[in-house]
Amino acid sequence: MAAELTSTKLNPESHIILDQPLLRLPLELARRNFKTVQRAVEREKEYVIPAIKEAAAASLSNTQTPEQTLAALDAMISRMQSLKRKMEGLQEEEKKIHSQSRKRIQHLETLHKIPSLADVKYDQWSRVRLDRLLVDHMLRSGYSESAKQMAQDRGVEDLVDLGVFTQAKRIVDSLRRGETKEALQWCGENKAALKKSPQNLEFELRLQQYIEMVRTQDKSKRIEAIIHAKKYLIPNYQAQNSDIMRAAGLLVFTQDTRAEPYKSLFARERWKFLADLFIETHHELLSLPAQPLLHIALSAGLSALKTPLCHSAYTSSSSNSQSTSTSVCPICSTELNELARNMPYAHHSKSYVESDPIVLPNGRVYGKQRLIEMSRNMGTVKPGDVKDPTTGQVFHEGEMKKVYIM
């Protein structure tokens with residue numbers, strides 16, 4: 001009884017390991033929102049305070065007319081009103097982030113109130129998490145509209161990151177179309193954070209702009225490309241020395257060259273490279289895992305179940321017409337067999353096999369008494385024979401061999 005209670009006791013901490021991005025992303029978004037507010041206030045302060053002092057000094061010294069003083073004050077008021085509107089928008093964004101964080105914390109807090117894995121509330125909580133994982137997978141796969149619809153139907157909009165992934169998809173799509181404008185705008189908005197990133201996304205985007213100018217073979221565009229390189233590429237000479245030297249070499253080659261590395265630089269596949277680099281940088285900046293959470297959860301579950309016999313020649317009942325089994329090992333199923341192939345085997349310190357294990361000629365192991373009873377209940381074999389419930393093969397009881405657990 002004690003063992004049963006131990007096996008069904010819920011450990012919330014082990015579940016929350018997978019759900020760390022649930023709280024990390026709102027925290028990162030709140031931090032970025034605060035930095036945006038801080039920069040806007042600092043920028044306006046640097047303009048307004050000197051302007052006020054200048055207007056006051058000019059008014060006292062009578063170096064400008066009252067109309068000019070009023071015009072200067074009106075300009076300052078207009079800028080402050082613009083700042084106010086911007087602050088109101090950022091405040092609404094902050095409220096939305098806090099609301100999402102509150103609901104996500106409540107979702108995780110519910111788990112700590114569930115005492116057992118057998119509790120019906122745990123089943124309900126797990127269904128919500130599965131919905132989250134599916135929406136996350138759909139967003140990462142590019143099915144934004146379907147993900148949005150599912151999130152609305154399941155009521156998990158605040159537990160998934162629709163806005164973040166939708167924005168990222170829009171930028172990825174623009175890069176795949178051969179456009180750098182939106183990606184460079186994103187780099188500008190995250191300039192401070194990108195300085196700490198090992199991925200030099202902005203440099204690669206500027207390099208691509210340079211490549212597109214050189215590709216045209218137009219003389220004026222080549223001059224424009226040289227000016228562009230001096231402005232955006234040369235400042236990175238110390239960090240990107242080899243790339244800049246290759247970029248300079250492009251000036252004497254055409255896009256149909258077979259010489260490397262210039263052929264690769266001119267190749268259209270570079271746009272896919274830029275899209276993948278953006279995704280990698282974006283996820284790193286927002287503390288998002290590189291893989292979908294669904295894959296991580298499946299990998300952990302498959303590794304916990306996998307044994308050397310799981311990749312045998314006999315598959316699940318879903319694809320084997322001879323199989324009469326309704327209880328299918330997930331690793332042996334055709335749906336997950338390939339995904340689990342590279343997973344490590346589970347480490348089991350205790351054996352839970354039946355007390356009278358035997359092995360059939362086909363290599364499958366069953367409890368002897370249970371196998372005989374199942375064969376008799378099916379009524380499709382002669383006395384003294386047994387039927388493998390998974391493959392449907394029939395063997396004589398004398399062909400069974402006793403298994404000894406070491």
Side-chain angles (χ1 to χ4, degrees), residues 4-30 96-169 279 282-284 286-306 327-331 333 335-337 339-340 343-344 346:
E4 184 180 349
L5 289 174
T6 302
S7 63
T8 60
K9 185 178 179 181
L10 189 147
N11 181 10
E13 301 303 322
S14 62
H15 287 67
I16 292 176
I17 291 174
L18 184 64
D19 294 311
Q20 289 181 21
L22 196 65
L23 298 181
R24 279 184 179 175
L25 182 60
L27 180 64
E28 182 62 30
L29 293 177
K96 182 180 177 181
I97 293 170
H98 287 321
S99 175
Q100 282 186 340
S101 297
R102 192 177 301 110
K103 291 182 179 179
R104 294 180 182 204
I105 291 170
Q106 290 172 353
H107 170 66
L108 295 178
E109 190 179 17
T110 303
L111 187 65
H112 288 76
K113 298 177 181 178
I114 303 173
S116 169
L117 295 170
D119 196 307
V120 67
K121 291 181 180 179
Y122 176 71
D123 185 53
Q124 295 170 352
W125 188 90
S126 297
R127 288 180 181 275
V128 173
R129 182 169 69 169
L130 179 59
D131 291 336
R132 287 197 299 105
L133 298 184
L134 289 172
V135 171
D136 174 80
H137 185 269
M138 292 167 73
L139 286 169
R140 289 170 181 266
S141 302
Y143 302 109
S144 301
E145 291 301 319
S146 299
K148 183 178 179 181
Q149 186 63 50
M150 180 177 179
Q152 291 174 348
D153 292 344
R154 301 293 187 177
V156 294
E157 296 101 318
D158 290 316
L159 302 180
V160 292
D161 308 306
L162 291 169
V164 170
F165 281 104
T166 301
Q167 181 196 33
K169 181 180 183 299
I279 293 172
H282 176 269
H283 290 0
E284 179 193 351
L286 296 179
S287 301
L288 291 168
Q291 291 184 324
L293 293 175
L294 183 63
H295 287 188
I296 297 173
L298 280 173
S299 298
L302 293 174
S303 182
L305 295 172
K306 184 178 176 182
S327 177
V328 180
C329 166
I331 313 298
S333 69
E335 296 81 8
L336 298 174
N337 191 261
L339 182 62
M343 291 291 107

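Taking the six-membered ring for Trp and thresholds of 30 and 60 degrees, H107 and W125 have nearly parallel ring planes, at less than 30 degrees apart.
Considering CG of L130 and CG of L294, their distance stands at 7.5 Å, rounded to 0.5 Å. Atom CG in L139 sits 10.5 Å away from atom CD in E145 (nearest 0.5 Å). Atom CG of residue L134 and atom OG of residue S146 lie 12.0 Å apart, to the nearest 0.5 angstrom. Atoms CZ and CG, on R129 and L293 in that order, are 10.0 Å from each other to the nearest 0.5 Å. Taking CD from E28 and OG from S287, the interatomic distance works out to 5.0 Å, rounded to the nearest 0.5 Å.
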- I would like to know whether R104 and D161 meet salt bridge (charged side-chain N to carboxylate O under 4.0 Å, His left out); could you show each step before the answer? CA-CA 11 Å; R104 294 180 182 204; D161 308 306; 2.7 Å; yes
- Pair D123-R127, salt bridge (charged side-chain N to carboxylate O under 4.0 Å, His left out): steps then yes or no: CA-CA 6 Å; D123 185 53; R127 288 180 181 275; 3.4 Å; yes
- Item | Test side-chain contact (heavy atoms from CB on, under 4.5 Å) applied to H112 and E13, step by step | CA-CA 9 Å; H112 288 76; E13 301 303 322; 3.6 Å; yes
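The nearest pair of heavy atoms linking L162 to A151 is CD1-CB, 4.2 Å. Taking every heavy atom of both residues into account, A297 and L133 meet most closely at CB-CD1, 4.1 Å. Residues L29 and V164 share a closest heavy-atom pair of CD1-CG2, 4.0 Å.
Considering P21, P289, P292 in turn, P292 is the only one that fulfils the side-chain contact (heavy atoms from CB on, under 4.5 Å) rule with D136.
Side-chain atoms of T110 and K121, non-hydrogen and from C-beta on, never get closer than 4.5 Å to each other. L23 places a side-chain heavy atom less than 4.5 Å from the side chain of L108. Inter-residue side-chain proximity for T166 and K148 is flagged as unmet; no heavy-atom pair is nearer than 4.5 Å. R140 has its side chain out of reach of H295: every pair of non-hydrogen atoms, C-beta onward, lies at least 4.5 Å apart. R132 places a side-chain heavy atom less than 4.5 Å from the side chain of D19. Residues H282 and L288 meet the side-chain proximity criterion, which asks for heavy atoms closer than 4.5 Å. Within the 4.5 Å cutoff, side-chain heavy atoms of K103 are placed close to those of S99. The shortest distance between side-chain heavy atoms of H137 and Q291 does not fall below 4.5 Å.
Around the OH atom of Y143, the shell of radius 6.0 Å holds no more than 12 heavy atoms that belong to other residues, nucleotides or ligands.
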